[in-house]
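This report concerns only the one structure given below.
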Amino acid sequence: MAKRGSLGNSFQSLPWILRVLLAIFLDCVLGIIRLVDGVIEGNVLKVILGILWIFYGLGIGWILDIIFTLFNMRPLFM
């Protein structure tokens with residue numbers, strides 16, 4: 001439904017270095033992107049994961065976001 005104009009696609013269209021810096025220093029932004037995409041798509045699981053990522057994603061989620069961004073892959077659940 002809203003895949004074409006999603007924030008996840010907007011994040012992927014950013015320059016590589018900016019995505020890496022966002023993943024390293026502002027990982028909560030990626031959680032907000034997941035949350036908003038979930039609300040737009042009507043996907044309850046994505047909304048719950050977005051909320052959890054904002055508050056609890058600072059451990060393993062933060063590391064996964066950095067690794068996926070460094071290898072130019074789409075971050076999990078985005």
Validation row: [X], [Y] side chains within 4.5 angstrom (heavy atoms):
| X | Y | result |
| --- | --- | --- |
| L35 | W53 | no |
| K46 | V39 | no |
| I54 | I32 | yes |
| F11 | L22 | yes |

Between atom [atom1] of [X] and atom [atom2] of [Y], what is the distance when rounded to the nearest 0.5 Å?
| X | Y | atom1 | atom2 | answer |
| --- | --- | --- | --- | --- |
| I24 | R19 | CD1 | CZ | 12.5 Å |
| L70 | W16 | CG | CH2 | 5.5 Å |
| D37 | N9 | CG | CG | 7.5 Å |

Tell me, please, which residues at least two apart from F71 pass side-chain contact (heavy atoms from CB on, under 4.5 Å). I67, M73
For L21, side-chain contact (heavy atoms from CB on, under 4.5 Å) partners two or more places apart: I17, F25
salt_bridge(R34, D65) N-O dist < 4.0 Å: yes
Would the distance check show the side chain of W62 and the main-chain N or O of A23 forming a donor-acceptor pair, the cut-off being under 3.5 Å? yes
